[in-house]
Amino acid sequence: MSRQAVGAPLSRVDGRPKVTGQAMYAADHPANGVVHAAIVGSTVARGRITGIDARAALAVSGVLKVISHSNAPKLAYRPNPSSNNPEGGERLHVFQDDKVLFHGQPVAVVVAATPEAAQHGASLVEVRYDAEKPSTDLTGTPANAPVTYARGDADQAMQSAAVRLEMTYRTARNHHNAMEPHATIARWDGNRLTVWDKTQWVVGTQKELAAVFGIEQDAVRVISPFVGGAFGSGLRAWPHVTIAALAAREMGRPVKLVLTRKQLYSGTGYRPAYEYHLRLASDRRGRLTAMVHDIKAETSSYENFEEGVLVAGQMLYSMPHVRQAYRTVRLDVNTPLYMRGPGHATAAFAIESALDELAHALDVDPIELRRRNEPAEDESNGTPFSTRRLRECYTVGAREFGWDRRAPKPRSTRDGDWLIGIGMAAGVHTTRRNPAQARVRLDARGIALVEAATSDMGPGTCTSMTQVAADALGLTVRAVDFRLGDSTMPPTPAHGGSQTMASVGSAVQDGCDKLRRQAIELTVADERSPLHGVDAGDVAVTDGRLHVKHDPARGETYQQLLARNNRSHLETLGSFAPGEPRFSMYAYGATFAEVAVDHRLGLVRVRRMLGVYDVGRIISPKLADSQALGGMVGGIGTALLEHTVTDHRDGRIVNANLADYLVPVNADVPHLRAIYLDGEDREANPIGVKGLGEVVHVGVAPAIANAVFHATGRRIRGLPITAEALL
Ligand code: MOS
């Protein structure tokens, strides 16, 4: 008997090509006759272009063309209802007029024979502006009409509460800063467009390019077999993708466009900065009665970006009265986008810090306080939870982290110059599911090719899907070849929001189940088969061999079955479509952190961290650890280091590089551990998963902030928590 592949600690099936340089990232693809493009970014944040002088650029040897609004063709820019922006028609229209909407906005592109000539040429394009004073500061800029939610009468409940707290939390803008920069190679063959792109969603980029150029979706092919990290930045097609395609059409040659590190800060999205005003009310035992959330977040002048920042406030804790208002503020900046634990992570910093503040005010243990406010159902809509095991996360986490050794009083533990503190926070993330398909083709060698137009930005999609397919087909993992990242493959949703395993995994399982059943039906109906006449329900497949369940000696291999029937292959199309949700479905976690704070210098060092997760079934434990530990590292960044700084005088990002924008390095990363509660969620999807990657990030920053409070007695309500804030 072969071991089950699902649940086994399989190493990445594509590990070898990744570490040997064989894996092809977007800019690596060879394209015959390719020329190179470099973007010229606006040096003002708001205003109009009054003139473009390309003469010096065109004089550079190798420079072939400079394209800007003054000579670019008009593009169709049809609305794209499937885009991340539900309003569809809005987005930056590149090179269509003289308007400047943010600092770094592409105002021209230089195409040259070499990347060096293109870059040099771009530096020589002279652009004149009629500049206006930009508005880039979240505080003090009028907001849009709010998205609201209310139950009960929160204002009345606040008035009559025994205990009231009121706080304002602030979070900085964060950029994804994946290792691989965004890059696109575009090639036209007549009216057909092929792009090799860094994206988390080949189908989304395909639809967007079709809409921008006014061509059929089928006329666009997007290829993206490997992605060198993305964290959400690849969830939509950014302007440079259009620019590469536009330049390729103008040149009549393939064009390669790679964003510089600096251009990633204005050329792609980011986690928006927030101001989160929170009032809460409770009784003297810490039973919450009301919360009032007033939330402001940045968006661009040309698109309204909103994310799920309201969810946790509605369902994480039990309380009769809630009022929420979420306002976006239109600024002279580029449009934000989802980033690791989007919305939820920001909400958690406010809510989980506030719970810690309440616990301290009432002298109640923070875990005990959370237990007292655990709801019996989803109070936002009255539905039962599919699974919600947050209490177990607390119990296991407290035990494994040594919570009972924590002295309740802040600033009571020292280690030389270091003040030591322990903190925790809950985390929740929506279990997303969307329609997906997967094609399964078993060939005469008994090898299965499984394909879906999904992506792998790092979690190891090929590996986990191989495990699901191997078990469903009764094959070893070596006999499964999973392929992704091509819009000609069966469609899938965006590879983000922790929905890939739930959606694509379920489609893969469905396709493989269908194929296995098809093979079984073929063999039991075949007079020449050793399984002829056996009840199909009594046949299993193990290591590629169909056999009677209780008589393994009686059977035949897939190869024998196909060869005898002169079949080159069997093929099925698997699909998954979520039904109407009857349950409230979320992934949960509890994060524990121990920090040391130098009492003279304000330096914060995370010493150890533990996450305990209720995320349904774990398909691939090694990949899960890579997600969980990686997510914790990202959370350390959000908590202590990451901060995109804008100079509000001119709207310029002043730290648009990895020397000044700090991300965690090895020295910042302590001992990390993840524990997954054993179990599955069959309401969520057929394979029982709730999604892991996003929820990991959610509780990290508040756990660290709460640990910093416990260490120092100082409550820091702004992210990142810097030495300056602590001094
Ligand atoms: Mo994730 S922020 O949906 O890539």
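Fair warning: this is a prediction, and the values are worked out from it, not measured in the lab. Indexing begins at 1, ligand by ligand and atom by atom, following the structure's order.
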- Message: Using only atom types and a distance under 3.5 Å, with no angle test, would you say the side chain of Lys198 pairs donor to acceptor with the backbone of Glu180?
- Response: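 Checked: pair present.
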- Task: Measure from the side-chain N and O atoms of Asn706 to the backbone N and O of Met424, and report whether any donor-acceptor pair falls under 3.5 Å.
- Result: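 Yes; judged by distance alone, with no hydrogens or angles, the pair exists.
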- Message: Is it the case that atom CZ in Arg432 sees more than 12 heavy atoms from other parts of the structure closer than 6.0 Å?
- Response: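 Not more than 12 within 6.0 Å, no.
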- Gly232 heavy atoms within 4.0 Å reach ligand 1 at atoms 2 (S), 4 (O)
- Numbering as shown, the atoms of ligand 1 that approach Leu235 to under 4.0 Å (heavy-atom distance):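 The list of qualifying atoms is 3 (O), 4 (O).
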- Note on the structure: Value for OG (Ser224) from CG (Asp486), rounded to nearest 0.5 Å, stands at 9.5 Å
- Side chain, backbone, both or neither: the part of Met457 lying under 4.0 Å from ligand 1 by heavy atom: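 Only the side chain of Met457 comes within reach of ligand 1.
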- ligand 1 versus Met339, non-hydrogen atoms closer than 4.0 Å: side chain, backbone, both, neither? backbone
- Message: Ring-plane angle category for Tyr276 and His293, please: parallel below 30°, perpendicular beyond 60°, tilted otherwise.
- Response: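 Ring orientation of Tyr276 relative to His293: perpendicular.
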Which residue and atom name correspond to the protein heavy atom nearest [atom], and how close is it?
atom: atom 4 (O) of ligand 1; result: Gln200 NE2, 2.8 Å
atom: atom 2 (S) of ligand 1; result: Arg340 N, 3.2 Å
atom: atom 3 (O) of ligand 1; result: Gly497 N, 2.5 Å
atom: atom 1 (Mo) of ligand 1; result: Glu694 OE2, 2.6 Å

Between side-chain atoms of residues 627-634 and protein atoms elsewhere (two or more places apart, or another chain), which donor-acceptor pairs fall under 3.5 Å?
| unit_1 | atom_1 | unit_2 | atom_2 | d |
| --- | --- | --- | --- | --- |
| Gln627 | OE1 | Arg340 | NH2 | 3.3 |

